[in-house]
Amino acid sequence: MKSEQLFESAKRHLIGGGGAGGRYHPLLKHPVYLTRGKGSRFWDVDGKEYIDFFTGSGANFLGHDHPAITAAIRQALEVGVICNGETEYHARLADLIAEAVPCAEKTRFANSGTEATLGAIRIARAFTGKPKILKFEGHFHGMHEFLWWNCSAGVGTLRDDGTVAPLADSDGMPAALADLVVVVPFNDILAFEKAVTAHQGELAAVIVEPISYNQGCIPAQVEFLRQVRATCTRLGLVLIFDEVLSGFRMCRGGAQEYFGVTPDRCTLAKALGGGVPIAAVCGKTDVMSVLNPVGHTIMSGTYTGHLIAVMGAIACQTELAKPGFYGRLNGLADRLYAGIAEALRVTGVPGIVQGIGARFGLYLGVTEPVTNYRQAVRTNREMEVKFILGCVRRGLYLHDYGHTMHHGFSSQHTDADIDQSLHIIEDALRELKTE
Ligand SMILES: Cc1ncc(COP(=O)(O)O)c(C=O)c1O
């Protein structure tokens, strides 16, 4: 097997045989080494073909090698590898974002979701002069020290002030920074109000994944989101929607359009560019005006808004704006999630599927709707492991994050791909009953 040989040789100079830790598949015990991606599929070095239900952690929203994105990248190369230089295309992309995303009066680019949330909270601290950020248990906002708490580290202790004791998601997180984060259970408005009261005068912002896709697919309850919005407005807290995954996923305006609740700021990445490395912090003009050169808050970088990424993202956004794009995508979503629910029913495997737009969670061993992280972690890990391996063996690539499963598809997936995937899913579920 070439994969195994490549794993051995890659390990010589790459930790774990991969350029990024997240690409390691803990169940396969190596990363999948790719040779090519096209449409809804990719191929590994052993020539095995997979339907892609990983989609580059949601970034390959338009599938692999989308002709419009590939052409735009070629065009960018002809302009020149413009690094740290401004062009007409940067403003064009910001216009497209403003047209689609309700809160995006102003945009500042970044290279990754992690960088975008880091910038977003710096802006909030500058705007309010306050140090603390409130986040929700189970929500992921990237890998920096200010927010990488209580995402996958397990369930923390509930405290009398409505908060959850901070748990670091990685080694190397300074304990002192736990004092700057206020963690609250998701969809629990009483806990939220208590926590806000307990930390009043110190909070700069509330950051939320309006759909907690990193725990499968846990939408905010709309009343909860509305009340969070109202409380932030009343107390002068900056409300940030982290839409790195939810942005553009089910409609052009992302979760803020879907729920009809507009934050002060949002972070975007992934489906913003359809696979090119780009992210953004967007927001209302007043909050964003703290950024340099208008204000004195710095957020910039050598590779920020690299032309290749900007032009790829313009192509992606132009595709999303085409009539019928979301009708087709959401039609596939409905068929897929109804099909998975039916597969659970006919095989008798306990589980529940929750999906919105092109991303979903499948909670095996859980039969009640999942509304927060505490419920999401009650899944049956043994079943998940067998199920993921059963699908991967049959040519449906599901990534393993070592905790709650979350998957998705792209706009290049077809009805036939969905049918084939549903067959594989049903077979893999049936195997759980027979073993
Ligand atoms: C909601 C959310 N925020 C932030 C990030 C971090 O983005 P990146 O991996 O581009 O740093 C992710 C990544 O999955 C995410 O899902």
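Note that ligands are numbered from 1 as they come in the structure, with each ligand's atoms numbered from 1 the same way.
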Quick one: are the ring centres of [X] and [Y] less than 6.0 Å apart?
X    : Y    : answer
H399 : H25  : yes
H406 : Y401 : yes
F136 : F224 : yes

Please work out whether the ring planes of H413 and F53 are parallel, tilted or perpendicular, with thresholds of 30° and 60°. tilted

Should the proximity of [X] to ligand 1, defined as any heavy atom under 4.0 Å, be assigned to the side chain, the backbone, both, or neither?
X    : result
A269 : neither
E209 : side chain
Y213 : neither

Counting each atom of ligand 1 from 1 as listed, which ones have a heavy atom of [X] under 4.0 Å away?
X    : value
S112 : 10 (O), 11 (O)
F140 : 1 (C), 2 (C), 3 (N), 5 (C), 12 (C), 13 (C), 14 (O), 15 (C)
K270 : 13 (C), 14 (O)
H141 : 3 (N), 4 (C)

What is the closest protein heavy atom to [atom], and at what distance does it sit?
atom                    : answer
atom 11 (O) of ligand 1 : T114 OG1, 2.6 Å
atom 16 (O) of ligand 1 : N214 ND2, 2.9 Å
atom 7 (O) of ligand 1  : G113 CA, 3.2 Å
atom 3 (N) of ligand 1  : D242 OD2, 2.7 Å

Less than 4.0 Å from atom 14 (O) of ligand 1, is there any heavy atom belonging to the protein?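 Yes; the ligand atom in question has protein heavy-atom contact below 4.0 Å.
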
Return yes when atom [atom1] of [X] has more than 12 non-hydrogen atoms of other residues, nucleotides or ligands closer than 6.0 Å, and no otherwise.
X    : atom1 : result
Y397 : OH    : yes
F325 : CZ    : yes
R74  : CZ    : no
E382 : CD    : no
L77  : CG    : yes

Check if E115 has a non-hydrogen atom at a distance under 4.0 Å from any atom of ligand 1. no

